Protein chains: 2
Amino acid sequence: MQQQLREHIEKIIPLTDEEFDFILAQFTTKKFKKHQYIIQEGDNVKYAYWVISGLLKLVYTDNSGKQHIVSFAMEDWWESDYYAFHTQTPATLSLECLEDTEVYCLSYEGYGILCDQLQKMERFFLQKANFGFLAAQRRILSLLTTDAKERYEQLVKQSPALVQRVPKSLLAAYLGVSRETLSR
Amino acid sequence: MQQQLREHIEKIIPLTDEEFDFILAQFTTKKFKKHQYIIQEGDNVKYAYWVISGLLKLVYTDNSGKQHIVSFAMEDWWESDYYAFHTQTPATLSLECLEDTEVYCLSYEGYGILCDQLQKMERFFLQKANFGFLAAQRRILSLLTTDAKERYEQLVKQSPALVQRVPKSLLAAYLGVSRETLSR
DNA sequence: ACGGAGGTGTGATGTATATCACTTTTAAAT
DNA sequence: ATTTAAAAGTGATATACATCACACCTCCGT
């Protein structure tokens, strides 16, 4: 499990044993059951999470009560309400388990310590942020340029594992179409 | 002009004069005329740009030749085809001037040097990347949750200056609706 | 001063997708 | 094993929006 996290980080920057020990000291682990909330709207968001096993959905609920999926997170993914996390303001999103899930938790302070004291980790987070931004930009383009069917096909091609594990009604809420349309 | 850049950076991290001199040495400046391309699809993207004055559009052109606007950039904004920049692959987007524009250019190497040799700048870029990601995520949500009219109203409220300076047909291409729909 | 390009408004029509209502299937819970 | 809830398919109807076609207007360059 530690090994899994270490490999994840070392995909971007090699570490010494001492460095990894220092990093690991900033993390705690936690287990959640299916349907459990990790973050609820209004919560104070203390942590960013890295998924060891399981599956999460990050959701925005609009005024009319409709749910929209900002993103899914499975093994090896980071997730949180990052706006709330970085600005230390109440959550506007909720983070909920679609399966029993185990995560590494990195506190806001831990994040600051890692960035301040280990330049390698700041580099790591910079890479993650850059690629996260690029992924978001690609998704914007996909929403601007393609219709529902095409977006679904893209998703199946890109993340077949996700399509297997997630109910179609949720995929619809991620792609921005109604459940019924997706089914046809 | 240097002062303008310095203030921009110091909004996030204070600098000594020596540090700023070092930073500035990594930049060059360049002027472009209205309608000129800074990046064209297929180009090798050597630089990220910071807008001193003027206005840019970052555009994706789909198979059918239709233009979709990834983003606009005005004074004080960074812009580039970041995917091409960070991965050093050919541009899939184009960057074009909507007005006469002057920019600071930061080369890929310069970016690396700044990150490696000045931790403060790595912190600066980390902040920018994080907030860029969050802005993109908000835009995704706005595309998922609201209809054309609402998105337009949001934009007017958020960036009235932009709405003034940009033709409506381009705002439409940014919001993901047709020019005609926007006009009604 | 004139011609052309770019920008904008408006009608008529077509289409993708939302919404509502209902059924069937599958999976979870006691 | 039986009950209950969640997921998935399907028809009928409504609607937001795209598309096409055209008129008008205002810059800008020569």
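Only a predicted model underlies this, so the values are computations on that prediction, with no experimental measurement involved. In what follows, chains carry the letters A, B, and so on, assigned in the order in which the sequence lines appear, proteins first and then strands, with residues in each chain numbered from 1. Excluded from the calculations below are hydrogen atoms, water molecules and symmetry mates; all remaining heavy atoms, backbone and side chain alike, are included.
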### Task
State, to the nearest 10°, the angle formed by the axis through the first five base pairs of the helix from dA1(C)-dT30(D) to dT30(C)-dA1(D) and the axis through its last five.
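The angle, to the nearest 10 degrees, is 60°.
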
### Query
dC17(D), dT17(C), dT19(C): which one has an atom nearest the side-chain heavy atoms of Ala148(A)?
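In terms of side-chain proximity for Ala148(A), the closest of dC17(D), dT17(C), dT19(C) is dT17(C).
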
### Query
Among the nucleotides dG9(D), dT10(C), dT19(C), which one has an atom lying closest to any side-chain atom of Lys66(A)?
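Nearest listed nucleotide: dT19(C).
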
Whole-Å gap separating [atom2] ([N]) and [atom1] ([X]):
{"X": "Lys57(A)", "N": "dA7(D)", "atom1": "NZ", "atom2": "P", "answer": "8 Å"}
{"X": "Leu182(A)", "N": "dA8(D)", "atom1": "CG", "atom2": "C1'", "answer": "10 Å"}
{"X": "Leu170(B)", "N": "dT8(C)", "atom1": "CG", "atom2": "P", "answer": "8 Å"}
{"X": "Leu144(B)", "N": "dA18(C)", "atom1": "CG", "atom2": "C1'", "answer": "15 Å"}
{"X": "Leu175(A)", "N": "dA16(C)", "atom1": "CG", "atom2": "P", "answer": "18 Å"}
{"X": "Lys168(B)", "N": "dC25(D)", "atom1": "NZ", "atom2": "P", "answer": "17 Å"}
{"X": "Asp147(A)", "N": "dT15(C)", "atom1": "CG", "atom2": "C1'", "answer": "11 Å"}
{"X": "Gln67(B)", "N": "dA18(D)", "atom1": "CD", "atom2": "C1'", "answer": "18 Å"}

### Query
Checking only heavy atoms, does the side chain of Glu180(B) share a donor-acceptor pair with the base of dC17(D) at less than 3.5 Å?
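A donor-acceptor contact between them is absent.
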
### Query
Any donor-acceptor pair under 3.5 Å between the side chain of Arg184(A) and the base of dT19(C)?
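Under the 3.5 Å cut-off, the side chain and the base do form a donor-acceptor pair.
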
According to a 4.5 Å side-chain heavy-atom criterion applied to Ile, Leu, Val, Met, Phe, Trp and Tyr, with indirect links allowed, do [X] and [Y] form part of one hydrophobic cluster?
{"X": "Leu143(A)", "Y": "Leu171(B)", "value": "no"}
{"X": "Leu114(A)", "Y": "Phe20(A)", "value": "yes"}
{"X": "Leu170(A)", "Y": "Phe32(A)", "value": "no"}

### Message
Under a 4.0 Å threshold between the charged nitrogen and the carboxylate oxygen, would Lys128(A) count as salt-bridged to Glu122(A)?
### Response
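No, no charged N to carboxylate O under 4.0 Å.
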
### Message
Do the side chains of Asp17(A) and Arg6(A) get close enough for a salt bridge, i.e. N-O under 4.0 angstrom?
### Response
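Answer for the salt bridge query: yes.
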
### Message
Less than 4.0 angstrom between a side-chain N/O of Lys34(A) and OP1 or OP2 of dA27(C), yes or no?
### Response
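For dA27(C), OP1/OP2 do not have a side-chain N/O of Lys34(A) under 4.0 Å.
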
### Query
Within the pair Thr181(B) and dA18(D), is there a side-chain N or O less than 4.0 Å away from OP1 or OP2?
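True: Thr181(B) side-chain N/O within range (under 4.0 Å) of dA18(D) OP1/OP2.
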
### Task
Step through it carefully: locate the ring centre of Phe124(B), locate the ring centre of His8(B), and say whether they are under 6.0 Å apart.
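Aromatic pair counts; centres sit under 6.0 Å.
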
### Message
Just to be sure I understand the rule, does Ser169(B) reach a base, reach only the sugar-phosphate, or reach nothing, if contact means heavy atoms closer than 4.0 Å?
### Response
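Answer is sugar-phosphate: Ser169(B) comes under 4.0 Å of backbone atoms only.
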
### Query
Does a sphere of radius 6.0 Å around NZ in Lys46(A) hold more than 12 heavy atoms from other residues, nucleotides or ligands, not counting ones at 6.0 Å or beyond?
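No.
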
### Task
Using the closest heavy atom to pick a nucleotide of DNA chain C for each, name whichever of Lys149(A) or His35(B) lands nearer the 5' end.
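First, find each residue's nearest nucleotide; the 5'-ward one identifies His35(B).
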
